[in-house]
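Note that the structure is predicted; figures quoted are calculated from it, not measured. Below, chains carry the letters A, B, ... as their sequence lines are ordered, and counting in each starts from 1. Below, each value reflects all heavy atoms present in this structure, side chains not excepted, and no hydrogens, waters or symmetry copies.
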Protein chains: 2
Amino acid sequence: MPAKPKSADIAFRKHDHRRCQRQLMSAAKRLCEVRQLRLTSRRRQVLEILLASHRPMGAYDILAELNRGGAVDRIAPPIVYRALEFLVAEGLIHRIESRNAFICCIQPGHQNGAQFLICRDCERIAELENSDRSLLAEANSLGFEVDHSVVEITGLCAECQKHAG
Amino acid sequence: MPAKPKSADIAFRKHDHRRCQRQLMSAAKRLCEVRQLRLTSRRRQVLEILLASHRPMGAYDILAELNRGGAVDRIAPPIVYRALEFLVAEGLIHRIESRNAFICCIQPGHQNGAQFLICRDCERIAELENSDRSLLAEANSLGFEVDHSVVEITGLCAECQKHAG
DNA sequence: GGCATAATGTTATATTATAACGTAACCTAA
DNA sequence: TTAGGTTACGTTATAATATAACATTATGCC
Ligand SMILES: [Zn+2]
Ligand SMILES: [Zn+2]
Ligand SMILES: [Zn+2]
Ligand SMILES: [Zn+2]
């Protein structure tokens, strides 16, 4: 069974993230088995880096992480972008368009319709769990056939509102 | 009175665009007067380029348009980006995050909450006129204070569905 | 093993965006 | 009217993000 956090704003709450991480990685492995896809070591590495937190990371941040430790043969951008492409396509991570960044998905296999709350202050991002149907209904009523939707709401999270007075 | 197209999917319909263009430019001028802002010639030029169609354009496409005609002193990217920044801030154009592009706004002064339908085939983009309240309500119910929302729905427009069979 | 395919690695380059600093235009108030 | 503050524009250089093209290696299947 896939990891199923109780709260929509998990990134903004304390939780047992070790457990969260393990669950999400297991779910990813299972999903790839079922779909007969290869969760290769590169792909796993990149996913692990994103699972390390609920924070968004740029492709080059991930690249730097992979190259950390001063390894002799440093890998190049296309490797990261290809792993990201795979993970996005399978719904294991999402791309945050308004930040040119990537974040782990909390509903592995979630291939479209993700919605995010992005705090402009602490930069944390929460993935909402309830896809919005009314918007897609409106699109359909105009005869538009939806592939993919990007919903990214920027503002101040509850925590940062306190600090900001 | 600002230009007020009848249909939400104006970019996908035939209409008197000359008139549409004139109305949007007048509305922009009026809006800047009211707000005591300077719609300088650079800003007007950039807005004109975007008003020429309801299609999205990249900053460098706009730059190329400005430099068209082989003028001797070609202008550089920051000039375009600054004009775009002003026009976005005043709600005269919108940035399409998932395309790194800009498009004229059909509701001049519209400073946030725009929603778009983006056809992956013909690449036209329709700006919806009804902001979605339910999403913002959900954000608020989580204690999140919304600044700005990005809603970009990709798919196939009605026209392209016919052609694609 | 031989072959097809998928994934990775490598090099170079394209595309998008901004930092930093100087100049010109505009505004207001001695 | 002109000095001084402010806003906008111009220029140069470079940062940050992303992909094309092609070589190599790993994997699965017969
Ligand atoms: Zn967690
Ligand atoms: Zn998700
Ligand atoms: Zn028009
Ligand atoms: Zn608009």
Side-chain angles (χ1 to χ4, degrees), chain A residues 28-29 31-50 55-67 71-90 92-103 123 150 152, chain B residues 28-29 31-33 35-50 55-68 71-90 92-103 123 150 152:
Chain A
K29 283 178 181 164
L31 182 148
C32 287
E33 269 171 33
V34 169
R35 296 185 183 171
Q36 309 211 63
L37 297 169
R38 294 164 58 195
L39 188 57
T40 62
S41 80
R42 276 295 180 224
R43 291 167 176 173
R44 195 166 19 73
Q45 267 185 298
V46 170
L47 181 56
E48 256 158 18
I49 289 169
L50 286 169
R55 291 179 179 274
M57 296 181 77
Y60 281 76
D61 298 332
I62 294 168
L63 183 60
E65 197 64 21
L66 285 169
N67 282 329
V72 180
D73 26 306
R74 328 205 107 216
I75 67 170
I79 292 181
V80 172
Y81 280 100
R82 284 192 291 229
L84 291 169
E85 182 184 32
F86 171 85
L87 296 168
V88 167
E90 301 308 325
L92 299 172
I93 67 174
H94 295 292
R95 178 178 165 86
I96 306 294
E97 297 291 348
S98 60
R99 300 293 175 114
N100 296 327
F102 298 85
I103 194 168
E123 309 214 284
V150 171
E152 300 174 9
Chain B
K29 284 179 180 162
L31 180 148
C32 288
E33 270 171 32
R35 295 186 183 170
Q36 309 211 66
L37 297 169
R38 295 162 58 196
L39 187 58
T40 62
S41 79
R42 278 292 182 226
R43 292 166 176 175
R44 196 167 19 73
Q45 267 184 297
V46 170
L47 181 57
E48 258 159 15
I49 288 169
L50 285 170
R55 290 178 179 275
M57 294 181 78
Y60 280 75
D61 297 331
I62 295 169
L63 182 61
E65 197 64 20
L66 285 169
N67 282 329
R68 197 170 43 100
V72 180
D73 25 306
R74 328 205 107 215
I75 66 170
I79 294 180
V80 173
Y81 280 100
R82 286 192 291 230
L84 291 169
E85 183 183 31
F86 171 86
L87 296 168
V88 168
E90 301 307 326
L92 299 172
I93 66 174
H94 295 292
R95 178 177 166 86
I96 305 295
E97 297 291 349
S98 59
R99 299 295 176 111
N100 297 325
F102 300 85
I103 193 167
E123 311 214 282
V150 170
E152 300 174 9

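- Of the candidates C/dG9, D/dT17, D/dC9, the closest approach to any side-chain atom of A/N100 belongs to D/dT17.
- For B/E85 and D/dA8, the CD to C1' distance is 12 Å, given to the nearest whole Å.
- If you check C/dT18, C/dA7, D/dA18 against the side chain of A/A59, the one that comes closest is D/dA18.
- Shown here are the side-chain contact (heavy atoms from CB on, under 4.5 Å) partners of A/Y81, two or more places apart in sequence or in another chain: A/A59, A/Y60, A/P77.
- Closest approach to the B/A76 side chain among D/dT12, C/dA17, C/dA7 is made by D/dT12 (side chain taken as heavy atoms from C-beta onward).
- At least one side-chain nitrogen or oxygen of B/T40 sits closer than 4.0 Å to the OP1 or OP2 atom of D/dC9.
- With rounding to whole Å, A/L63 atom CG is found 12 Å from C/dG9 atom P.
- We find that B/R82 and B/E85 are not joined by a salt bridge, their nearest charged nitrogen and carboxylate oxygen being 4.0 Å or further apart.
- Straight-line distance from the CD1 atom of A/I62 to the P atom of D/dA16: 16 Å, rounded to whole Å.
- If you take CG of A/L66 and C1' of C/dT8, they are 13 Å apart, rounded to a whole angstrom.
- Between the side chain of B/Y60 and the base of C/dA14 there is no donor-acceptor pair of N/O atoms closer than 3.5 Å.
- Applying the 4.0 Å criterion to OP1 and OP2 of D/dT7, one finds that B/R43 has every side-chain N and O outside that range.
- Among the protein residues, A/R99 comes within range of no part of the nucleic acid, since none of its heavy atoms lies under 4.0 Å from any strand.
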Please tabulate the protein-to-nucleotide N/O contacts below 3.5 Å involving nucleotides 21-30 of chain D, giving atom names and distances.
none

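- Here the P atom of nucleotide D/dA8 and the CD1 atom of B/I75 are 17 Å apart, to the nearest Å.
- Side-chain N/O atoms of A/R42 include one lying less than 4.0 angstrom from OP1 or OP2 on C/dG9.
- Among residues two or more places apart in sequence or in another chain, the side-chain contact (heavy atoms from CB on, under 4.5 Å) test is passed with B/E33 by none.
- Protein atom CD of B/Q45 is 16 Å distant from nucleotide atom P of D/dA8, rounded to whole Å.
- B/E123 meets the side chain to side chain donor-acceptor pair (under 3.5 Å) test with B/R99; sequence neighbours excluded.
- Looking at residues two or more places apart in sequence or on another chain, you find a side-chain contact (heavy atoms from CB on, under 4.5 Å) between A/Q45 and A/R42, A/L66.
- Residues passing the side-chain contact (heavy atoms from CB on, under 4.5 Å) test with B/R38, sequence neighbours excluded: B/T40, B/R43.
- Listed here is the closest heavy atom pair of A/M57 and A/I62: CB-CG1, 3.9 Å.
- Between the CG atom of A/L84 and the P atom of D/dT19 there is a distance of 11 Å, given to the nearest Å.
- In this entry the distance linking CG of B/L87 with P of D/dC9 reads 10 Å, nearest Å.
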